[in-house]
Amino acid sequence: MNIYLLNPPFSLNGQEIKKFFRCTRWQGGVTRGGTYWYPIWLAYAAGVLEKENHNVRLVDAPAQDWNYNAVLNDIKRFKPEIIVIDSNFASLRNDISVANELKELTGSKTILVGPPASQFPDEILKKGIDIVAKFEYDFTLRNIVDCIENGSNLEEVKGIAYNNEGNIINTPIRPFITSEELDTLPFVSKVYKDHTGINDYFLTHTLYPMVQIFTGRGCPNQCTFCSWPKTLMGRDYRVRSVENIVDEFEFIIKELPDVREVFIEDDTFTIKKSRIYEFCQEMKNRGLDITWSCNSRVNLDYKTMKMMKNSGCRLLDVGFESGDNRILKNIKKGINTEESQIFMRSARNAGLLVLADFIFGLPGETKETAEKTINFVKKMQPNMVQFAVATPIPGTEFYDWVLDNDYCLIDDLNDSIDENGFQKCIISYPEFTKEDIEFYVNKALKEYYLSFFYISTALRTILRKNGFHELKTMVKSAKIFLEYINMGENKDEKSKSGME
C-alpha cells in the first residue's frame, strides 16, 4: 500500500510557525535555542512498514520548511491510500484540521499517532480522524495496514480506537514492544538516510550534524511530570542487544559519514551499569571511533563515566530539575541536591560535558526556591543548562494535581504556546504566579548564558576534541537564543508603554 507518514506543517491564527516540533517529551513548540528533533517515532514506524514491502513516504514538513500547499502537492503526486499524522498536545487542533483537509482532498484513510492518541482517542475520532493508534505504534500501524489491505475487521487490532459507522470502538491496549522485538526493528538511522536530510536537525547539546536513536524504551522512574512513560512507552525499560546497537553505530559511520555525533535518546540509557560496560567494551573491540552522548541520572558513578568517556561519550543530559530537596521529593525525582553535586564533580573529573535541565513552577515552588535553584546552578557550573516552565501534560500525575487544585489557566493545551510558537506558562499558584515562573526562567537564562562564567566555560569546551564543531553548535544556538531574548525584551517594552 502507499502510506504517507507526515509531521504536518503548523500554523497559528493563520500564520505559519516554522520549526515547530512535536516529537518531544513536552507539549510541542518552538525552542529558544533552535533545537529541532528528528521525527524519531514516525521514522521507526516507517522502517517497520517498509520492511513489510509497503511503499512509504516520510515527510517532515517543518524541517523542510514546507507549508500546507507544498505538502498537498507532494501528496497528490504520491497518491497515498493511508495518511499517518503525528501530533502533540499543543498542535492537536492544527493536526486534526490538516488531516481532515487531506482526507477530503485525497480520499485516504487517516491515522493519528503521538501522545494525544493515548489520552483523547474518542475526542479525536469525533473530530473526523478515522483511526487512532495509541502508545507505541510501530507494530500497531503494521497491523492496521494489514487489516485495511486484507479487508479484515479492525477490531482484531490491539491498541487502537476507530469510528465504525458512528460508533467509537476502543480495542484492548497492545502490550509494549519486548526487548526481543526491538532487535527486529530496522535501524532508524537508515530511515533518516532514505527519507530526511541530516542537516535539518539540531540539538543545542550535540555536535552538528547528529542523529538520534533509541537503544531501549520505557522508564521505571516515577517523576510526576514526565510524559512519555505515561503517553507513549510505559515504565518497563526494554532494551536492544548490545550487538544490535553497535551494528547501528557501524552503519552510521559507513553510511552517514557526515554525522558528528549519535545521541542516545532513551529516557535513561545509564540505568544498568553492566549493560553500559558491555556496550563500551563492544565499541572498543570493534575499534569504532564516533562521538556519542546520552540521557542520564545523577546516580551514575565516576568509574562508569570514565569508561563511557573512553569509548567516545562526550556529554550527559541530566534532569536535575530543582535546587531544592523538598521540590525534588514532591515530584518523586528520587534524587537530592547532594547527589547532584557529587555527580557534577565526577563528570567533570571524567572529562564529560553536562547539560543540566531545570524546571521552574513544580509543586512547592516559591521565589525562595527559585533563587535557590539559580544559585545551585551557579555553584555546580554545568557546561550547558536548560530552564523550562513546568507544563502539566495529560496522563501525568502533575497534570492531575494541577487540575484538581485549579492551578491551570487554560482548558486546552492547544493554547499552551504563544503567537510565535514558544512554550508559555499555563499554571499559576497563589504564592508563585505565572508571571513569577516566566520571570525566573528568563532571569536564570540570562544570568547563566550572559555571564562571564559562561564565557570561560564555553572557551574550555571549544578547546576540547572537536572544538571547531563545538563552536559551530554554540554559534548556531546562540544566534537563535539572542533573537529570543531580544523578542522578549521588545515585548516587555511594548507592554510597559501600553502598545499591546
### Message
Regarding R238 and E136, does a basic nitrogen lie under 4.0 Å from an acidic carboxylate oxygen?
### Response
yes
### Task
Evaluate the ring planes of F387 and Y448, with Trp represented by its six-membered ring, and classify them as parallel (under 30°), tilted (30 to 60°) or perpendicular (over 60°).
perpendicular
### Message
With no hydrogens and no angle check, just 3.5 Å: does a side-chain donor-acceptor pair link E155 and T171?
### Response
no
### Task
Walk me through it: do L112 and I96 pass the test side chain to side chain contact (heavy atoms under 4.5 Å, CB included)?
CA-CA 8 Å; L112 189 133; I96 292 174; 4.1 Å; yes
#### Entry: Distance-only donor-acceptor check, side chains Y201 and D60, under 3.5 Å
yes
### Message
So D95 and V98, do their side chains get closer than 4.5 Å, heavy atoms only?
### Response
no
#### Entry: Side-chain touch I331/E321, heavy atoms, less than 4.5 angstrom
yes
### Message
Would F135 and R174 count as a side chain to side chain contact (heavy atoms under 4.5 Å, CB included) here? Give the steps.
### Response
CA-CA 8 Å; F135 299 102; R174 181 190 182 91; over 6 Å; no
### Task
Go through Y192 and Q212 one step at a time and tell me if the side chain to side chain donor-acceptor pair (under 3.5 Å) criterion holds.
CA-CA 10 Å; Y192 297 155; Q212 295 164 282; 5.3 Å; no
### Task
Check the surroundings of atom NZ in K329: do more than 12 heavy atoms from other residues, nucleotides or ligands lie under 6.0 Å from it?
no
### Task
Find out whether D267 and P229 are in side-chain contact, i.e. whether some heavy atom of one side chain is under 4.5 Å from a heavy atom of the other.
yes
### Message
Looking at R297 and E339, is any side-chain nitrogen of the basic one under 4.0 Å from a carboxylate oxygen of the acidic one?
### Response
no
### Query
Should we count CD of E338 as having more than 12 external heavy atoms under 6.0 Å?
yes
### Query
Are I427 and L409 side-chain neighbours, meaning at least one heavy-atom pair lies under 4.5 Å?
no
### Query
Going through the checks in order, is the side chain to side chain contact (heavy atoms under 4.5 Å, CB included) test met by F343 and L316?
CA-CA 11 Å; F343 172 91; L316 301 173; 3.6 Å; yes
### Query
Are the charged groups of K443 and E447 less than 4.0 angstrom apart, N to O?
yes
### Task
Could you tell me whether K434 and E438 have a side-chain N and a carboxylate O separated by less than 4.0 Å?
yes
### Query
Is the number of heavy atoms from other residues, nucleotides or ligands under 6.0 Å of E435 CD greater than 12?
yes
### Query
Could you give the distance from OG1 (T35) to CZ (F202), rounded to the nearest 0.5 Å?
6.5 Å
### Query
Less than 4.5 Å apart, any side-chain heavy atom of T337 and any of D324?
no
### Query
Is it the case that Q423 and T391 place a side-chain donor and acceptor less than 3.5 Å from each other?
yes
### Message
Looking at R217 and D266, is any side-chain nitrogen of the basic one under 4.0 Å from a carboxylate oxygen of the acidic one?
### Response
no
### Chi angles and distances behind the side chain to side chain donor-acceptor pair (under 3.5 Å) call for R22, S91
CA-CA 8 Å; R22 296 164 176 81; S91 65; 3.2 Å; yes
### Task
For K134 and Q119, test the side chains for any donor-to-acceptor distance below 3.5 angstrom and give the result as yes or no.
no
### Query
For the side-chain contact (heavy atoms from CB on, under 4.5 Å) test, which of F10, F89, F422 pairs with I417?
F10
### Query
Parallel, tilted or perpendicular: which fits the ring planes of F269 and W292, with parallel below 30° and perpendicular above 60°?
perpendicular
### Message
Please determine whether the number of non-hydrogen atoms from other residues, nucleotides or ligands lying under 6.0 Å from atom NZ of K424 exceeds 12.
### Response
yes
### Task
Can you establish whether the number of heavy atoms outside D404 located under 6.0 Å from its atom CG is more than 12?
yes
### Query
Under the side chain to side chain donor-acceptor pair (under 3.5 Å) criterion, do Y4 and D74 qualify, and how do the steps go?
CA-CA 10 Å; Y4 198 92; D74 189 60; 2.6 Å; yes
### Task
Taking the side chain as every heavy atom from C-beta outward, state whether V157 and F139 have any pair of such atoms under 4.5 Å apart.
no
### Query
For residues E101 and Y68, is any side-chain donor paired with an opposing acceptor at under 3.5 Å?
yes
